[in-house]
Each structure stands twice: as structure tokens, then as C-alpha cells.
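Some notes on the structure that comes next.
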Amino acid sequence: MKGFLDYVDKDSILHRLNPLIKIFFSICICIAAFISDNYFFLLGLIAVDLIIGLMGKVFDRALSLLKGLVKISIFFFILQILFVRTGNVIFALPLGINITEDGVLLALKIVLRLISATMPLALLVSVTQMSDLSNVMVKSLGIPYKYAFTFTTAIRFIPVFSNEMSGIMEAQTARGVEFDTKNIFKKIGLVLPLCMPLLISSVKKINSGAIAAEVRGFNLRTRNSGYKSYRFAFRDFIGILISAALIAGSILI
Amino acid sequence: MIEFKNVSFSYDSKAKEHTIKDVSFKIEKGEFVSVIGSNGAGKSTVSKLINGLLKPSSGDVIISGTNIKTVPASRLSKEVGFLFQNPDRQICCDTIKKELSFGLKLAGISEEETEARVMEVIRDFGFEPDTNPFLISRGERQRVALASLIALRPEIIILDEPTTGLDYNECTHIMEKVKELNSVGVTVFMVCHDMELVLDYSERILVMSDGKIICDSVPHNAFRNEAAMKSACIIPPQIIELGIRLKNGFESADTTDEMASLIAERRNS
């Protein structure tokens with residue numbers, strides 16, 4: 001899933017869609033995922049996410065995102081089925097742990113929701129430039145630039161910190177820290193002491209970023225400073241209709 | 001000893017072209033070898049292949065008789081020390097003493113031995129043991145990172161652009177310490193963009209371009225290999241450049257002192 005939040009510069013209908021509609025569309029999919037209790041509808045939402053990937057010419061990324069989320073979901077699924085005790089027992093494990101029908105169904109619903117609600121937000125940033133995202137938040141939603149900038153910077157910094165962490169892990173491996181171990185629990189234990197160098201380098205990066213923004217007149221920026229205008233086209237209305245249909249579907253099905 | 005046998009490497013297994021292409025060379029114990037070339041030539045990749053952080057896609061990397069494919073990188077740390085360009089990625093403890101002990105503890109060295117080695121390095125470098133390494137200058141932090149390698153007493157030291165961003169004084173401190181280690185038999189493999197530094201300290205130069213070694217020679221010859229310099233987009237140190245342009249015997253000068261004595265000789269004759 002490396003670089004899954006980077007913008008992919010391609011020409012597709014999703015790239016051309018108004019950024020506001022893209023935000024609206026992604027939020028609608030998330031809401032639909034949390035409203036619906038129907039397993040098939042949730043599976044349908046995952047299919048919609050994949051179609052978004054296909055239409056945005058980022059299908060490979062959508063697939064790798066799906067694979068990554070499935071791996072995380074396995075962990076959640078196991079955790080859920082171990083702790084839900086209501087419903088008919090499917091089979092009993094030692095130490096009084098029972099796998100129940102309710103547990104399996106609830107776990108399935110949670111992981112389907114997790115996958116269907118996470119994918120659109122990650123795909124949104126793959127087909128939308130960060131500057132467009134913050135501009136449209138300021139111009140169309142009236143959010144103060146400081147907050148819009150904070151939001152987009154937080155997203156932009158995720159891959160930066162991920163790279164920094166890889167660099168730190170590489171440097172520590174070279175010193176003898178066993179990050180190349182196959183034992184995942186040992187690895188987690190080794191990562192914790194590295195929060196210090198990561199924290200320090202993050203603070204340094206953020207501080208230098210803040211100074212750079214400050215000297216370029218960050219505080220002088222007003223709502224009208226962005227030169228781009230985001231007009232609505234026919235395709236944007238189609239986007240609103242699909243979003244509304246998804247919400248309606250989640251309530252009705 | 002470091003030996004590369006037809007090593008190719010690619011970061012992306014699906015990529016058509018390798019980052020490192022069929023590279024072979026051998027470095028004997030105690031040599032000081034520098035690798036030079038433009039950005040993206042594969043210098044850092046080669047250095048990471050030496051300490052096992054990267055494993056070759058094909059071919060073999062042999063370090064002191066061990067094929068790195070068979071050993072995890074963390075196990076090689078006792079034999080191969082790696083000084084990164086950015087010391088902040090290496091430093092993770094809140095005092096210099098703890099920082100220097102960190103690698104030794106990981107290597108399973110006894111407490112008494114760790115204490116003795118750490119105190120020896122602290123004395124040698126003139127550090128204050130309880131100083132927070134995050135609160136000292138960049139050059140000092142680089143020295144702490146180097147000291148933590150030295151405490152492990154590795155047979156090989158890899159320096160990946162160790163003096164980037166350091167002033168002359170800090171740079172000299174680092175390089176003199178490296179030279180001292182080299183003089184007692186530690187093999188040094190340095191990736192560097194500072195040609196003056198390469199000329200001053202290296203015994204041998206590997207010139208890299210587009211993932212291949214295009215020249216493997218002593219500095220005197222390597223910097224005079226016009227085709228290699230051009231291909232690797234390298235400008236030789238100014239004193240060599242001046243000698244080449246002046247010709248008439250001046251091209252043999254490698255240092256300012258040599259050039260000065262040549263000029264003095266001509267003036268007197």
C-alpha cells in the first residue's frame with residue numbers, strides 16, 4: 001500500500017469532477033456503509049469503490065488498497081468473533097471461548113463496513129490534487145484556510161512520515177536492531193523506541209514547513225486568494241444523483 | 001574483504017531495467033575505497049548491498065566469506081558499520097552514553113565490556129556522557145553516530161555522504177577519525193560527492209554511471225579518465241583540472257603542494 005495517498009496524475013472523468021462533488025461522493029459512500037445492515041449492499045459498495053478505481057484509472061491502487069484492508073480486516077474479524085458471546089455457538093474453543101453465529105455475522109459486517117468506507121477516501125486523494133481539495137474547502141464550504149491547510153497537510157505528511165520511518169528502520173537495522181525479524185510481535189516492540197527519532201524529525205519538518213509558509217505570507221491569504229474557480233458541470237450533477245441513490249439504497253435495502 | 005560477483009539489483013521486481021547492472025569488484029581488507037557518480041547512478045544502492053540492507057536480485061555479495069543472502073542485515077552490523085548521511089535517523093537515545101551503548105547491547109556484548117568500550121570512545125571523541133544528542137549541532141550528532149559505530153569495532157565501515165551539510169572543521173573531524181580507523185586495518189567504503197575529499201582520503205575510486213562501474217582505479221588515474229568523468233557527470237578536483245589544462249608536466253600534480261613545487265621547479269630552472 002506504499003504511496004496510497006499520493007495523487008495520480010491522469011486524465012479521467014473522476015479527475016475532472018468538481019473536488020466538492022468528490023468529497024461529497026466519498027462521504028456519501030461512507031455514510032451509506034454505516035447506515036446499511038445488508039451484507040450484499042455492503043459488498044455492492046466495495047464493487048462501487050473498485051469501479052471508482054477503474055474510472056479514475058487507479059484500478060491497481062484500488063486493488064492493492066483492497067488487499068491491504070483485507071489483511072487488516074482479518075485481524076479485526078478474529079478479534080470480533082472472539083469477544084462476541086451472544087447467539088448460537090458454532091464451535092467451542094478452549095478457555096471457554098465460543099465462536100457464535102452472532103459474532104461471525106457482526107464481524108463480517110464490521111469488516112465489510114471498514115473496507116467499503118475506507119476505500120473511497122483513499123481513492124479521493126488519488127484523483128484530486130491537495131491544492132484543489134483545500135481551495136474548494138475554502139471557497140465553496142467557507143472553511144477558514146488555516147483549517148483546510150491543516151487537513152490537506154496532514155494527508156500530505158502521511159507518506160512523508162512513512163518514508164522517514166522506513167529510513168529510521170533501515171538505519172536502526174544497520175545498527176543491529178532486528179527489524180528484519182519475521183516475528184511480528186517482536187517487531188512491534190522494536191518500533192516503539194523509534195518514536196523518539198520520528199517525533200523529533202517530524203517536529204523539525206513541521207517547524208521548517210511552518211516557517212516557510214509564514215515567510216511566504218501564509219497569514220495574508222483570504223478566501224479570494226485562490227485563482228481557480230470550481231464550476232459545476234453536467235457530470236457533477238450525475239455524481240450528486242449517484243450519491244443520493246447510494247444513500248437511498250442504504251436506507252431502503 | 002568485500003566481493004561483488006556479477007551483482008544486479010532492482011527495487012521493483014517488475015522493472016525492465018536493473019538499478020545495479022552486473023557489477024563485480026573486490027575490496028581487500030584495510031582499503032579505503034570511494035564510490036563516485038551522479039545522483040541515481042547506484043552508489044547508495046551498492047553500499048546498502050554491502051551491509052545486507054538490500055539483497056541482490058542476482059549474483060552474490062560476499063562479506064568476509066559470508067554471502068549476505070544467508071544473513072539478516074541486523075546480524076551483519078557487528079562486521080559492517082554504516083554511517084548514514086542523516087545522523088538523526090541513527091540516534092534514538094537521550095544521552096550520548098546510552099546512544100553509544102545501544103548497538104553494543106544489541107550485539108550481546110557484556111555489560112563490563114560495553115562500559116569499557118563506551119568510556120574509551122567517549123574519551124577518544126571528547127564527549128560529555130550525559131549530553132542529550134538531540135541538543136547538539138549537526139556535525140556533533142554525526143560524530144556521535146560515527147562513535148556508536150566505532151564502539152562496535154566493525155571490520156568494514158560504510159560512509160554514505162558523511163560530510164554533507166557539515167562545515168570544513170566538522171568535516172575534518174569526521175574524516176580524520178575515519179582515516180585513523182583505516183590506518184589500523186578497518187576497510188572503508190565511502191559514497192561521496194565532494195571530489196576534494198575523495199582525492200584527499202581515498203586509495204581507490206569506483207566511478208559509477210547508470211548502475212555500472214565504468215572505472216575502477218587509483219584517484220590519480222580515475223580523475224584523469226576523461227571518458228569516465230564525462231559519463232558520470234563529474235568535475236575532477238580543481239587542482240587536477242588545472243594541471244590537465246596547463247599540461248607540460250603539470251598534469252601529474254594531485255595536490256596543491258605538488259602543484260606548488262612543480263611551479264617552483266619551473267621558476268627556478
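Just so we're on the same page: letters track the sequence lines, and every chain starts at 1.
Proximity of the aromatic rings of A/F218 and A/F149 is defined here by a centroid distance below 6.0 angstrom, and this criterion is met. Taking the ring centroids of A/F75 and A/F77, they lie at or beyond the 6.0 Å cut-off.
Under 4.0 Å is where a charged nitrogen must lie from a carboxylate oxygen, and between A/R16 and A/D11 at least one such pair does.
Among B/A73, B/G103, B/G81, the residue with the largest count of heavy-atom pairs under 4.5 Å with chain A is B/A73.
Of the atoms belonging to B/L53, it is side-chain heavy atoms, and not backbone ones, that fall under 4.5 Å from chain A.
Shown here for A/D49 and A/L123, the closest heavy-atom pair between the two residues is O-CD1, 3.3 Å.
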Give the atom names and distances for all donor-acceptor pairs closer than 3.5 Å across chain A and chain B.
unit_1: A/E164; atom_1: OE1; unit_2: B/R89; atom_2: NH2; d: 3.2
unit_1: A/E164; atom_1: OE2; unit_2: B/R89; atom_2: NE; d: 3.4
unit_1: A/E170; atom_1: OE1; unit_2: B/K48; atom_2: NZ; d: 3.0
unit_1: A/Q172; atom_1: NE2; unit_2: B/R89; atom_2: O; d: 3.0
unit_1: A/Q172; atom_1: NE2; unit_2: B/Q90; atom_2: O; d: 2.8
unit_1: A/R175; atom_1: NH1; unit_2: B/Q90; atom_2: O; d: 2.5
unit_1: A/R175; atom_1: NH1; unit_2: B/E99; atom_2: OE2; d: 2.7
unit_1: A/R175; atom_1: NH2; unit_2: B/E99; atom_2: O; d: 3.1
unit_1: A/R175; atom_1: NH2; unit_2: B/E99; atom_2: OE2; d: 2.9
unit_1: A/D180; atom_1: OD1; unit_2: B/S74; atom_2: OG; d: 2.8
unit_1: A/D180; atom_1: OD2; unit_2: B/A73; atom_2: N; d: 2.9
unit_1: A/D180; atom_1: OD2; unit_2: B/S74; atom_2: N; d: 3.0
unit_1: A/D180; atom_1: OD2; unit_2: B/S74; atom_2: OG; d: 3.4
unit_1: A/K204; atom_1: NZ; unit_2: B/D88; atom_2: OD2; d: 3.1

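Within 6.0 Å of CZ in A/F76 there are 12 or fewer heavy atoms belonging to other residues, nucleotides or ligands.
Ring geometry, B/F127 versus B/F125: the interplanar angle falls under 30°, so the pair is classed parallel (tilted spans 30 to 60°).
Shown here are the side-chain contact (heavy atoms from CB on, under 4.5 Å) partners of A/D132, two or more places apart in sequence or in another chain: A/P19, A/T128, A/Q129, A/K228, A/Y230.
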